[in-house]
Amino acid sequence: MAIRTRFAPSPTGFLHIGGARTALFSWAYAKKHGGKFILRIEDTDVERSTPEAVQAILDGMAWLGLDYDEGPFYQMQRIETYKKVLQTMIDAGSAYYCYSSKEELEVLREQQTLQGLKPRYDGKWRPDASKTLPPIPKDIPPVIRFKNPLTGVVVWDDLVKGRIEIANTELDDLIIARADGTPTYNFCVVVDDFEMGITQVIRGDDHVNNTPRQINMLKALGATIPQYAHLSMILGDDGQKLSKRHGAVSVMQYHEDGYLKEAVLNYLARLGWSHGDAEIFNMQQFCEWFDLDHITPSAAQFNTEKLNWLNAHYIKQVDLDLLAEDISARLGATNIETNGHAASGMPNLIPSLKSVLNLYRERANNLNQLAKDIAFFYQLPVANAADVEKHITADIKPAMTSLCEKLAKIEWTAEAIHAEINALVTSLQIKFPKIAMPLRVMLTGTAQSPSIDQVMALLGKEEALARINTYLNKNLK
RNA sequence: GUCCCCAUCGUCUAGAGGCCUAGGACACCUCCCUUUCACGGAGGCGACCGGGGUUCGAAUCCCCGUGGGGACGCCA
């Protein structure tokens, strides 16, 4: 049978890391088996669903490249279908009207909780051959409840957690349509999974408790029961549960925070799933390897350090044109131009972004940091005061002046620059850093950079000498 | 409270009864490289929650604890 999986978020917020991983696993499973991946928006909670949230989810999936074969289907556009099924179930006696008011149910729940019982519907309106139903109140619009079996157990072989067994006595008759006639979550899921021919339901394990109810309804509808795979949750970096109040962020936030989607995908893939010792792999490999057997049933803690490590890897690997495009956008966001125009106060030629990235990508693990680190090529840096004080001292002025004179005459390559500095430190019998460090601070504004000769080569002769002279013209301490 | 789930280095994990003196990765530490900071390379530290079984043999199977989590909505 053809594999059909689905991702079914409710649009009440952005696509967070847990949702993204669920989508990724569902997507990969379909890809692996040559099946279809379906996107379904579960928006039956009209109060909390928003179009912005729908868009945020779509954006998140688009960024990660999680393309779907069918959908997005919106449940609110399928109301007529649900109503038909609802009527069928009432006619068949597998669902019934319930006139218990919200207030009444609340009192019931309170009493049960007080008695240490599991809060549940008492079956007041459940039709039964052996009992007569109370008279129907005029002023209460009824909800529809599913007539859950009273005995027996629901069993399924969870693809990640193994066999799970829940007694029907633990379940009550859940509401499948509200008083206003709109169907509820558990019911819509059942109808949709059935009608959309879903073969594997891969979702968060907060749904484990819904599964027996859904299976019972599926059975009542005469549907084939799909296989279920319940993924455990992802904890925050601090081991705490992720929530709106605590630590949960949109996947798009990772983009803003300087992460490559390749790193996020690879990281997410390894969170709760493994393929032997494989740590670094692309999505094509992932789709080939992916299986449900190697998913850990226990919760996983998010680890930013490891994400950073993967990010560093992919910054080195990613296509240079794409990297330049990304960094250019990040620089542009801070009004730094990189394409041929000189920034204000910096009259000389500027190096190509790609050549700069070629030198700098090796040492970066974050795109924002990378953009920040290379900004000095495109605008005058504001030097770190402590570095200036430490490295640019009056005693280096003669050496620096003489170096500038030499540099002015040479062909501007890293090798030639290096040779000049070397000749200078040799003749003066000083250590290389004695010259390299002040140069670094003068040129880049900081005491950290790649080989200073390579930085200078990229900066260009005029600009490099100009920056050095700015300091030589000052009174140095 | 009731039901369900989970439990290997700090973290992500390998592990399907003997291949385990428990492997890999991130982080951390040391050394090397070096022109600073990184990158990179080589090492190191570091775990089977506890107790009972089953078995010739248990990280692995079973039971009981303990700890953590989830669910108990006219939310999804």
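The chains referred to below are lettered A, B, ... by the order of the sequence lines, with proteins before strands, and numbering in each begins at 1. Given the structure is predicted, the values throughout are model-derived calculations rather than measurements.
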Using a cut-off of 4.0 Å on non-hydrogen atoms, how would the nucleic acid contact of [X] be classed: base, sugar-phosphate, or nothing?
X: A:His230; answer: nothing
X: A:Ser100; answer: base
X: A:Arg109; answer: sugar-phosphate
X: A:Pro9; answer: nothing
X: A:Val143; answer: base
X: A:Ala179; answer: base
X: A:Asn210; answer: base
X: A:Gly272; answer: sugar-phosphate
X: A:Ser49; answer: nothing
X: A:Pro297; answer: sugar-phosphate
X: A:Thr44; answer: sugar-phosphate

Rounded [atom1] spacing from [N] to [M] in Å:
N: B:G65; M: B:A22; atom1: P; answer: 32 Å
N: B:A47; M: B:G24; atom1: C1'; answer: 14 Å
N: B:A7; M: B:C29; atom1: C1'; answer: 29 Å
N: B:C62; M: B:A58; atom1: C1'; answer: 12 Å
N: B:C20; M: B:A59; atom1: C1'; answer: 9 Å
N: B:C6; M: B:C63; atom1: P; answer: 12 Å
N: B:C45; M: B:C61; atom1: P; answer: 29 Å
N: B:U13; M: B:A27; atom1: C1'; answer: 14 Å

A:Asp193 and A:Arg6: salt bridge (Lys or Arg N to Asp or Glu O under 4.0 Å), yes or no, with the steps?
CA-CA 8 Å; A:Asp193 284 343; A:Arg6 44 69 155 191; 3.0 Å; yes
We want to know whether A:Tyr267 and A:Asn303 form a side-chain donor-acceptor pair, criterion being a heavy-atom distance below 3.5 angstrom.
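No - no donor-acceptor pair under 3.5 Å links their side chains.
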Measure CG/A:Asp173 against C1'/B:G73 and give the value in whole Å, please.
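So the two atoms are 15 Å apart, to the nearest Å.
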Out of [options], which nucleotide sits closest to the side chain of [X]?
X: A:Phe432; options: B:U35, B:G70, B:U36; value: B:U35
X: A:Asp453; options: B:C12, B:U35, B:A14; value: B:U35
X: A:Ser274; options: B:U35, B:C4, B:A14; value: B:A14
X: A:Lys118; options: B:G70, B:U13, B:G1; value: B:G1
X: A:Ser451; options: B:G73, B:U35, B:A76; value: B:U35
X: A:Leu271; options: B:C12, B:C72, B:U35; value: B:C12
X: A:Gln448; options: B:C39, B:C12, B:U36; value: B:U36
X: A:Ile452; options: B:U35, B:A76, B:C3; value: B:U35

Below 4.0 angstrom from OP1 or OP2 of [N], is there any side-chain N or O of [X]?
X: A:Lys241; N: B:G70; result: yes
X: A:Ser298; N: B:G69; result: no
X: A:His294; N: B:G15; result: yes

Kindly say whether, by distance alone, the side chain of A:Asn365 makes a donor-acceptor pair under 3.5 Å with the base of B:A38?
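No pair found.
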Residues A:Arg40, A:Glu42: salt bridge by 4.0 Å N-O rule:
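Looking at A:Arg40 and A:Glu42, the cut-off is met.
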Quick one: does A:Ile38's side chain get under 4.5 Å of A:Ile198's, heavy atoms only?
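The answer is yes, as the side chains (C-beta and beyond) meet within the 4.5 Å cut-off.
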Ring-ring centroid check [X] [Y], cutoff 6.0 Å:
X: A:Trp289; Y: A:Phe281; result: yes
X: A:Phe25; Y: A:Phe290; result: yes
X: A:Trp273; Y: A:His294; result: no
X: A:Tyr185; Y: A:His207; result: yes

Where each residue is assigned the nucleotide of RNA chain B containing its nearest heavy atom, which of A:Lys161 and A:Val46 is assigned the position nearer the 5′ end?
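Of the two residues, A:Lys161 wins.
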Between A:Gln301 and A:Asp205, who's closer to the 5' end of RNA chain B by nearest nucleotide?
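Its nucleotide being nearer the 5' end, the pick is A:Gln301.
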Paired with [N]: which nucleotide, if any, by Watson-Crick or G-U wobble criteria at under 3.5 Å for both distances?
N: B:G46; result: none
N: B:C72; result: B:G1
N: B:G67; result: B:C6
N: B:A25; result: B:U11

For A:Ala324, side-chain contact (heavy atoms from CB on, under 4.5 Å) partners two or more places apart:
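So A:Ala324 forms a side-chain contact (heavy atoms from CB on, under 4.5 Å) with A:Leu353, A:Lys354, A:Leu357.
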Counting primed atoms, P, OP1 and OP2 as sugar-phosphate and everything else as base, the B/S/- map of nucleotides 19-31 of chain B against protein heavy atoms under 4.0 Å is ----BBBSS----
Would you sort out whether A:Asp45 and A:Arg48 count as a salt bridge (Lys or Arg N to Asp or Glu O under 4.0 Å), showing the intermediate values?
CA-CA 6 Å; A:Asp45 183 356; A:Arg48 298 198 302 152; 2.9 Å; yes
